[in-house]
Visitor: 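I have a structure I would like to understand better, so I am pasting it below and will then ask my questions one at a time.
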Amino acid sequence: MEIQWPLAIFTLLAGGAGWLLVWSCVNQLRGTVTDDKLFSRELIVIAILAICGGISSAMHLSHVDRMMGALSHPASAIFTEAVMVGLVVLLCIVFLVLLRRDMSAGTRKALSIVGIVFGVVISFATGSGYMMSSQPNWNTLLMPLSYLVTASAFGSALYLLFVDTWKGDEAAHGKAVGEASKYALVTGLVAAVVVVIYAIAQGVLSLSGEPALFAVCFIGCLGVAAVGAGAGKATTGIALPSVGVICGVAASLGFRCFMFAAGTSLLSFIATPDAANHFFATI
Amino acid sequence: MKEHTLTRRTFVKAAAAVGAAIAASGTSETLVKADKAFAEGDSGQEEIVSTVCRACIAQCSVLAHVRDGRVVKLEGDPRGPMSKGSMCAKGLAGIQALYNPMRNKYPMIRTGKRGTCEFRRASWDEATDYVADQLLDHINKYGPESIFASTGGGGNPHISGPIRFINTIGSPNNFEPGCAQCYLPRQTQARLVYGGGPDDNLSIADSNVLDFYDRESEVEAAVLWGAGPSWSAPSMTGRTVADLRNRKTNLQGLKTVVVDPRLTADASKADVWLPVRPGTDVALMMCWIKYIIDNNLYDEDFCKKWTNFPFLVDPDTKIDLDAGVIGGPANNFEYVVYDNNQKKAVVMPYPYPDDYDVALFGEYEVTFSDGTKKTCKTGFQVLKEACDEFSLEKAAEICWLDADKIEEAIKIYVNNVSTLIHGLATDQFPNSAQAALAALELECMMGHVEKPGAALQRFGVLSHSPGIIENDTFGMGCYQNLITRDMLNKRLVGGHNGFYNWQMAHIPTVQQAIRTGKPYKPRVWMERSGNKFAVIGNARSWYETLPELDLIVHAYMYPTSFTIEAADVVFPLREWLECPKPVKLMNWIFPRREVTHLFETADETLYWSRLIEKLAEKGYQRAIDSFKDEVANPGKSHTINGGNMQDGIAKGWRWAYDEDDLANLFCNDLVDPDTEQPMSWQQLLDKGPFEYAPYDEWHQYYVYLHDDGTGKPMGFGTPSKRVEPYSDITVKLGRTGYPFALCNEGLIELDPSLSVEYEPVPFYMEPHESPLYDTEYPLSLTSGRVPIYHHGTLRNSPWLREIMPTAEIWVNEQDADKYSIVNEGWVKVESRRGETYARAVVTENVSPGVVFLERFWNPELLDTDPYGSWNAENVNVLTKNDAPFNDVYGTYTLRGFQVKISPVDKCPYDVYVEPKQFSVWLPQYSDKTTEPTGEATWENWQEFPDDDLVCQIKAE
Amino acid sequence: MSHYAIVVNADLCTGCMSCEVSCKQENGVALGQYWNKVLRYTQGTFPDTKQFWLPTMCQQCEDAPCVNVCPTGASYRNEDNIVLVNTEKCIGCRYCMMACPYGVRSWNEEIKAVQKCTLCNHLTSVGEDPACVKNCASKCRYYGDLDDPNSDASKALAAADPETIHHMKDVGNHPVSAYILTSRIGSWEWD
Ligand SMILES: Nc1nc2c(c(=O)[nH]1)N[C@H]1C(S)=C(S)[C@@H](COP(=O)(O)OP(=O)(O)OC[C@H]3O[C@@H](n4cnc5c(=O)[nH]c(N)nc54)[C@H](O)[C@@H]3O)O[C@H]1N2
Ligand SMILES: Nc1nc2c(c(=O)[nH]1)N[C@H]1C(S)=C(S)[C@@H](COP(=O)(O)OP(=O)(O)OC[C@H]3O[C@@H](n4cnc5c(=O)[nH]c(N)nc54)[C@H](O)[C@@H]3O)O[C@H]1N2
Ligand code: SF4
Ligand code: SF4
Ligand code: SF4
Ligand code: SF4
Ligand code: SF4
Ligand SMILES: [Mo]
């Protein structure tokens with residue numbers, strides 16, 4: 001199947017936003033960095049990413065004006081995704097508003113837990129819509145799981161960038177970078193393993209054109225892990241985390257493209273253009 | 001509003017004074033009525049009218065939906081007795097043809113060189129005047145034989161138009177790219193052997209084999225020999241064969257044997273498929289004949305009683321011995337046979353006497369009246385000896401077949417109620433007459449004549465049959481009163497006297513005459529059909545001949561390669577949805593209506609009328625005479641034994657003055673069965689389709705057994721009243737032109753210098769270019785129909801082009817490997833005549849060593865690369881139009897000649913391949929106003945004229 | 001509940017393409033797009049080659065994935081249980097195209113919506129046959145309610161040897177359309 005760029009970018013951004021939210025909220029719970037300014041910046045970026053993702057997704061549609069019709073079909077994947085984007089953005093807004101007033105620790109904790117759940121769910125949900133019986137290469141839990149893990153690698157890299165460039169208490173900074181780099185190391189490695197399992201289980205690597213896309217994804221995952229490993233030892237300023245983010249994009253976007261390219265419907269009678277303009281085509 | 005008014009023809013006025021018939025029609029009527037090309041108003045009302053398709057040679061019944069004057073939808077008419085509600089892709093594309101923005105909209109006269117698109121618009125009056133002047137000029141300087149005409153075969157509803165035209169002006173020459181390469185051999189040979197009506201033969205594509213349209217037919221098996229009904233008329237012949245196959249569940253109905261080099265739709269459903277090597281069919285047919293004789297599988301009773309097989313043959317003349325030669329009654333349907341009961345050669349009376357037991361085989365001594373003795377063989381014996389070398393093994397070797405499969409096929413043929421359907425294939429190589437004869441011999445041997453299930457039938461002969469004017473081609477009614485003995489002797493047939501049956505000329509002989517001036521030089525070409533370069537053998541040889549011609553006139557619906565490369569004057573003709581004509585479909589009459597009518601287009605018969613009228617106006621006597629009823633219709637029709645062979649001048653019909661006159665003429669002596677009154681065209685339209693005879697009266701087997709009124713059976717329409725599979729009449733045809741040399745004197749003998757020798761029994765000719773010897777061009781090429789195009793038509797139909805945008809060549813996988821051809825890749829195909837391009841279909845549907853390619857051309861190149869338009873993807877730049885020709889019919893080689901193939905990256909011409917590219921030809925209904933520029937450049941050719949330009953030629 | 005569908009007797013189909021063109025004429029399907037596509041298959045090697053055609057169109061799935069994924073209800077079942085697309089509701093997400101197991105939906109560039117075979121609902125709802133069924137040259141397409149034994153489609157199936165009746169591969173969607181193909185003509189590859 002042709003790569004559906006708007007959808008790939010949507011899921012990239014939404015998943016990245018989700019996992020940035022996860023780690024930011026984890027930090028709220030652990031209290032490693034207590035600077036609400038950093039948290040606010042994170043929340044703003046999360047909301048922007050989610051909104052851009054939503055816009056990108058809408059660009060895929062030709063009649064956005066008819067979106068309201070979806071309200072009557074809450075079971076559809078696109079509806080769930082839209083709801084999740086909305087919830088993430090809403091959560092960010094709620095957090096931002098409460099941060100201005102004095103938020104109780106309990107509220108902060110509760111909302112953080114919600115944020116973690118939302119972040120994980122959105123990264124999974126953006127992939128689960130593609131599980132359909134007609135697409136045997138997609139029709140496995142490993143597929144949304146791969147969405148989740150590649151999003152987590154990307155999100156971890158983003159989080160690392162945030163804490164690494166945070167100018168605050170030195171000790172806290174060191175500790176936070178240490179944690180963030182561990183997240184990156186672990187999510188990068190987990191992502192690499194999961195996508196390999198997916199590719200092998202579905203036997204999709206042999207399909208033409210896909211090994212290259214898979215390589216981009218796989219190297220991206222390892223790249224995030226490597227940056228995680230490297231960043232833990234030294235504070236490196238903006239350079240290394242930026243490389244991490246690039247690797248995260250490669251891991252996540254690479255997987256999405258790989259997945260579209262691996263999409264071959266069960267049978268494709270009319271959609272196959274070749275058969276359409278050769279009268280005696282031998283099939 | 002501009003009106004191109006045509007002053008009331010001075011000639012008609014003059015003529016009116018002479019003939020009352022003309023005066024009667026000399027009312028003021030419009031020449032061309034036109035409907036607007038766009039919808040008038042927006043009523044949304046839909047009217048459904050019944051009409052008849054003519055996008056191919058079948059004629060399926062159609063319902064046209066018309067909304068506000070525009071045809072918006074076509075569908076099959078369930079009342080159609082032959083198509084039963086089906087309609088094929090070509091017919092459905094009728095809307096895209098009708099409203100194609102590329103229609104020829106008004107007459108045009110060339111302003112630039114041939115090969116450019118430079119023309120100016122002219123009125124009908126100016127253009128016909130211009131042509132008539134040049135015709136007269138040539139007639140005066142060089143005689144009428146300096147003018148020749150040509151037409152299209154299938155698809156042209158009035159194939160006789162150009163014949164009537166040349167007969168009128170006094171020229172002997174008209175040709176058609178089918179003819180010797182299509183139907184002439186099979187149709188003529190059937191007339192000679194069987195003597196039924198013009199359409200009573202073995203060709204299913206030509207709407208025969210009518211028993212197959214009866215679901216109750218007893219037929220159990222059919223041999224489709226070089227015929228592909230499923231693709232050559234999907235909704236008519238294809239439909240009915242499918243219906244018979246499906247009479248019992250899961251294809252347990254009609255059994256079929258298909259003899260065809262490619263796995264066609266029909267072959268893929270066959271019980272036995274014999275993928276014969278192209279061009280070798282006669283060897284296979286002779287093998288079948290031998291097998292059936294050797295194994296005594298023929299219908300002995302029928303052979304003895306109703307064929308000329310037992311007649312003894314004069315070994316010197318090859319002619320059956322008439323009773324007269326041994327002192328019996330001459331010319332009384334009595335012949336010399338050997339009677340096993342009397343143990344001697346005796347006269348066999350008509351009909352067969354029960355106490356006779358004639359010998360079918362052997363040679364016997366005959367004492368002639370003058371006392372001489374000769375040893376004479378029976379006709380069957382001569383045939384048997386001719387076929388003797390063709391054992392199963394021998395045929396298998398020649399034809400690249402499996403001997404066991406051949407035997408299995410023959411068994412299906414002989415062990416069932418069966419018939420042999422003989423398709424076009426064998427008409428397209430020089431062994432054509434022999435194949436036609438051998439196929440008829442098989443059917444006669446098996447007694448498959450007028451019995452249930454048989455292809456050869458004379459349905460309708462015993463019932464009332466209305467005399468509407470149909471395709472009065474095949475040797476009838478085309479102003480025989482205007483043909484002189486001299487014209488017959490001058491006809492450029494090249495010694496192939498079979499052409500006299502259709503009053504046509506031999507294409508290569510005409511070409512030779514143009515090039516050498518011998519025996520005289522044709523100089524003006526009046527062409528009426530599509531793209532001659534796409535359908536004529538060795539098209540480039542014609543391209544090279546064009547500079548020899550002074551004037552070329554093209555009448556057609558669209559510009560084609562021929563228009564741009566050749567035409568000096570272009571006349572716009574009508575599409576089938578614009579032409580009125582009654583159509584006979586079995587025991588029904590259906591009106592084909594003028595559903596709508598666009599631009600200044602004319603019905604093709606009226607187009608010829610206009611030209612003749614101009615000539616008459618200018619005082620050309622033959623033209624003036626041709627409007628006289630007594631010349632057109634001398635009423636002296638004679639036929640041989642109530643069959644279709646004539647020995648006198650046929651009835652005809654005069655040129656029409658205008659549309660209504662024409663439509664009424666077509667109705668001729670059509671009678672309304674309810675009122676028993678003659679019907680006018682308008683009455684037919686009001687009545688709609690009707691049965692002119694009850695089905696059971698019409699559908700009658702064994703017509704030959706029917707009493708002829710004297711207590712004897714009618715017999716067959718042959719000189720002997722028996723079927724004549726030993727074809728001594730073919731020998732006579734060569735020597736004298738009998739029975740087709742017909743002119744205003746009746747049946748004549750051709751000039752003795754034109755006498756040629758033909759054989760009464762078949763013989764096998766190995767293809768002249770043969771894979772057995774050819775190392776340079778190793779592959780045998782053949783062609784055959786694809787279901788979505790008719791000849792050169794419809795390559796400008798978006799619906800059809802997107803299905804098959806390019807020519808496709810079928811190559812077996814082994815050959816593909818050998819010549820590095822990849823599936824769907826472009827291939828260069830070369831023969832000794834030229835090269836062209838096609839995309840490959842790598843397939844197991846043809847044998848190694850055989851490739852298949854059907855006709856194609858590219859209208860998209862007309863303005864940018866006219867040469868490319870007919871060279872890019874055209875099998876007919878490869879085909880062969882030089883000797884050897886068939887002896888009787890002059891057939892040249894369109895199938896079974898040698899080519900080589902090689903891969904190329906892409907077609908070197910800029911052809912359209914993608915569906916979206918064809919949108920330029922989507923129907924246009926426009927209401928914008930464009931001022932006529934007076935010049936028809938490519939751009940304004942494509943302009944869709946507004947209301948003002950839609951023709952409004954009116955009489956005063 | 002009714003199950004309207006088209007049944008094709010592939011034993012008889014000659015690949016004449018009349019149904020493709022009929023469908024285009026009836027429904028104004030644009031160039032390059034098809035609601036009905038006839039595909040040609042060959043099996044075996046010369047001279048033992050088999051060849052047949054497979055006319056393909058919406059299979060009217062019982063549990064239609066296209067309806068299930070559609071976010072707006074544009075893909076829906078009408079009161080007769082026929083799967084249709086309401087292009088007025090279609091947002092153009094094309095999830096249904098990804099979800100259809102047979103790739104029989106097409107994207108209409110002009111109106112930016114997904115379309116597919118409607119079983120000629122505008123004709124069938126007034127008692128006519130679909131255009132492709134009417135014009136079919138071999139009369140091998142049958143339309144009707146498979147729950148009604150008197151429909152043309154049911155009768156065609158009843159007349160055929162049960163072993164020769166096939167469906168498209170079922171991945172839980174339960175395609176309703178059926179094909180007749182005898183092994184002498186070709187082997188069914190889509191179970
Ligand atoms: N290589 C190769 N060459 C072949 C053949 C082959 O098999 N292989 N086949 C041969 C055969 S069998 C034949 S018959 C010839 C055919 O060759 P032609 O008959 O010359 O082919 P066209 O010019 O396509 O056909 C006649 C035209 O009549 C037009 N026509 C249809 N209806 C009307 C109408 O109402 N009015 C007017 N005025 N015109 C109308 C059609 O559009 C069509 O273009 O080609 C022959 N050429
Ligand atoms: N779609 C469509 N229908 C048409 C026409 C058209 O152009 N297109 N033209 C009309 C006209 S004018 C005619 S004459 C009829 C012809 O109608 P058919 O008689 O059915 O003619 P074809 O399909 O040309 O040829 C029949 C078969 O002969 C096969 N063949 C090729 N070479 C050989 C050979 O050497 N031996 C044998 N035994 N078979 C061979 C071809 O593969 C083909 O399948 O069709 C008419 N109907
Ligand atoms: S077979 Fe097709 S093209 Fe020929 S007359 Fe019938 S509908 Fe028209
Ligand atoms: S493209 Fe249209 S019909 Fe298809 S799922 Fe989306 S909204 Fe529904
Ligand atoms: S075949 Fe495709 S379009 Fe038709 S109902 Fe099934 S899923 Fe929907
Ligand atoms: S039923 Fe109608 S919409 Fe469906 S394929 Fe046939 S013609 Fe097309
Ligand atoms: S119209 Fe009928 S015979 Fe022709 S391709 Fe379609 S289904 Fe097959
Ligand atoms: Mo023909």
Side-chain angles (χ1 to χ4, degrees), chain A residues 1-4 6-7 10 57-83 128-139 259-260 262-283, chain C residues 15 17 32-42 51 54-59 63 65-76 86-107 109 111-114 116-117 168-173 189-190:
Chain A
M1 186 180 298
E2 261 177 70
I3 296 171
Q4 308 285 324
L7 295 179
F10 160 59
S57 163
M59 275 172 50
H60 169 74
L61 307 178
S62 19
H63 301 284
V64 186
D65 46 318
R66 298 180 188 159
M67 253 320 266
M68 291 314 281
L71 290 180
S72 52
H73 291 265
S76 71
I78 204 168
F79 181 81
T80 322
E81 289 164 9
V83 167
S128 65
Y130 296 107
M131 280 175 65
M132 25 180 103
S133 53
S134 57
Q135 292 288 346
N137 291 343
W138 300 355
N139 201 18
M259 163 259 173
F260 277 116
T264 42
S265 1
L266 194 64
L267 300 165
S268 188
F269 293 128
I270 289 173
T272 312
D274 260 5
N277 83 359
H278 205 86
F279 183 50
F280 284 116
T282 314
I283 305 178
Chain C
M17 308 292 153
Q33 289 169 27
Y34 303 87
W35 296 2
N36 170 48
K37 185 103 195 98
V38 183
L39 302 172
R40 168 174 170 269
Y41 289 84
T42 58
Q51 167 181 245
L54 191 74
T56 57
M57 68 322 272
C58 170
Q59 303 289 306
D63 185 7
C66 57
V67 174
N68 296 345
V69 301
C70 181
T72 63
S75 283
Y76 72 109
N86 179 346
T87 53
E88 292 295 307
K89 281 193 181 175
C90 176
I91 57 172
C93 69
R94 278 167 273 184
Y95 278 115
C96 54
M97 291 182 78
M98 298 182 203
C100 171
Y102 316 117
V104 295
R105 300 188 143 230
S106 60
W107 174 244
E109 191 56 52
I111 60 168
K112 307 250 185 264
V114 166
K116 66 160 192 90
C117 163
M168 287 299 164
K169 188 174 175 71
D170 186 353
V171 284
N173 51 306
E189 297 176 358
W190 301 275

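Because the structure is predicted, anything quoted here is derived from the model rather than measured. A note on names: the letters A, B, ... follow the listed sequences, proteins ahead of strands, and every chain is numbered from 1.
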Visitor: For A:Ile270 and C:Trp35, work out which heavy atoms get closest and say how close.
Guide: CD1-C, 3.5 Å
Visitor: If you count heavy-atom pairs under 4.5 Å with chain C, which of A:Met132, A:Arg66, A:Met67 comes out on top?
Guide: A:Arg66
Visitor: Quick one: what part of C:Met97 sits under 4.5 Å from any heavy atom of chain A, side chain, backbone, both or neither?
Guide: neither
Visitor: How far apart are the closest heavy atoms of A:Gln4 and C:Met98, and which atoms are they?
Guide: CG-CE, 4.1 Å
Visitor: Quick one: of C:Thr72, C:Leu54, C:Asn36, who has the most non-hydrogen atom pairs under 4.5 Å with chain A?
Guide: C:Thr72
Visitor: Looking only at heavy atoms, which two atoms of C:Ala99 and A:Ser134 are closest? And how far apart?
Guide: O-OG, 2.6 Å
Visitor: Please name the pair of heavy atoms, one in C:Lys112 and one in A:His63, separated by the smallest distance, quoted to 0.1 Å.
Guide: O-NE2, 2.9 Å
Visitor: Among the options C:Cys100, C:Pro65, C:Cys90, C:Gly172, pick out the one with the most heavy-atom pairs lying under 4.5 Å from chain A.
Guide: C:Cys90
Visitor: May I ask you to decide if the ring planes of A:Tyr130 and C:Tyr95 are parallel, tilted or perpendicular, using 30° and 60° as cut-offs?
Guide: tilted
Visitor: With only heavy atoms counted, which part of C:Lys89 is less than 4.5 Å from chain A, the side chain, the backbone, both or neither?
Guide: backbone
Visitor: Identify each donor-acceptor pair in which a side-chain atom of residues 72-80 of chain A lies under 3.5 Å from a protein atom, sequence neighbours left out, and give them as a table.
Guide:
from: A:Ser72; atom 1: OG; to: A:Gly69; atom 2: O; distance (Å): 2.7
from: A:His73; atom 1: NE2; to: C:Gly73; atom 2: N; distance (Å): 3.4
from: A:Ser76; atom 1: OG; to: A:His73; atom 2: O; distance (Å): 3.2
from: A:Ser76; atom 1: OG; to: A:Phe79; atom 2: N; distance (Å): 3.4
from: A:Thr80; atom 1: OG1; to: A:Ser76; atom 2: O; distance (Å): 2.9

Visitor: Would you check if C:Gln59 and A:Leu267 make a side-chain contact, meaning some heavy-atom pair closer than 4.5 Å?
Guide: no
Visitor: Count the heavy-atom pairs under 4.5 Å between each of C:Ser106, C:Pro71, C:Gly92 and chain A, then report the option with the highest count.
Guide: C:Pro71
Visitor: With C:Glu88, which residues qualify under salt bridge (Lys or Arg N to Asp or Glu O under 4.0 Å), at least two apart?
Guide: none
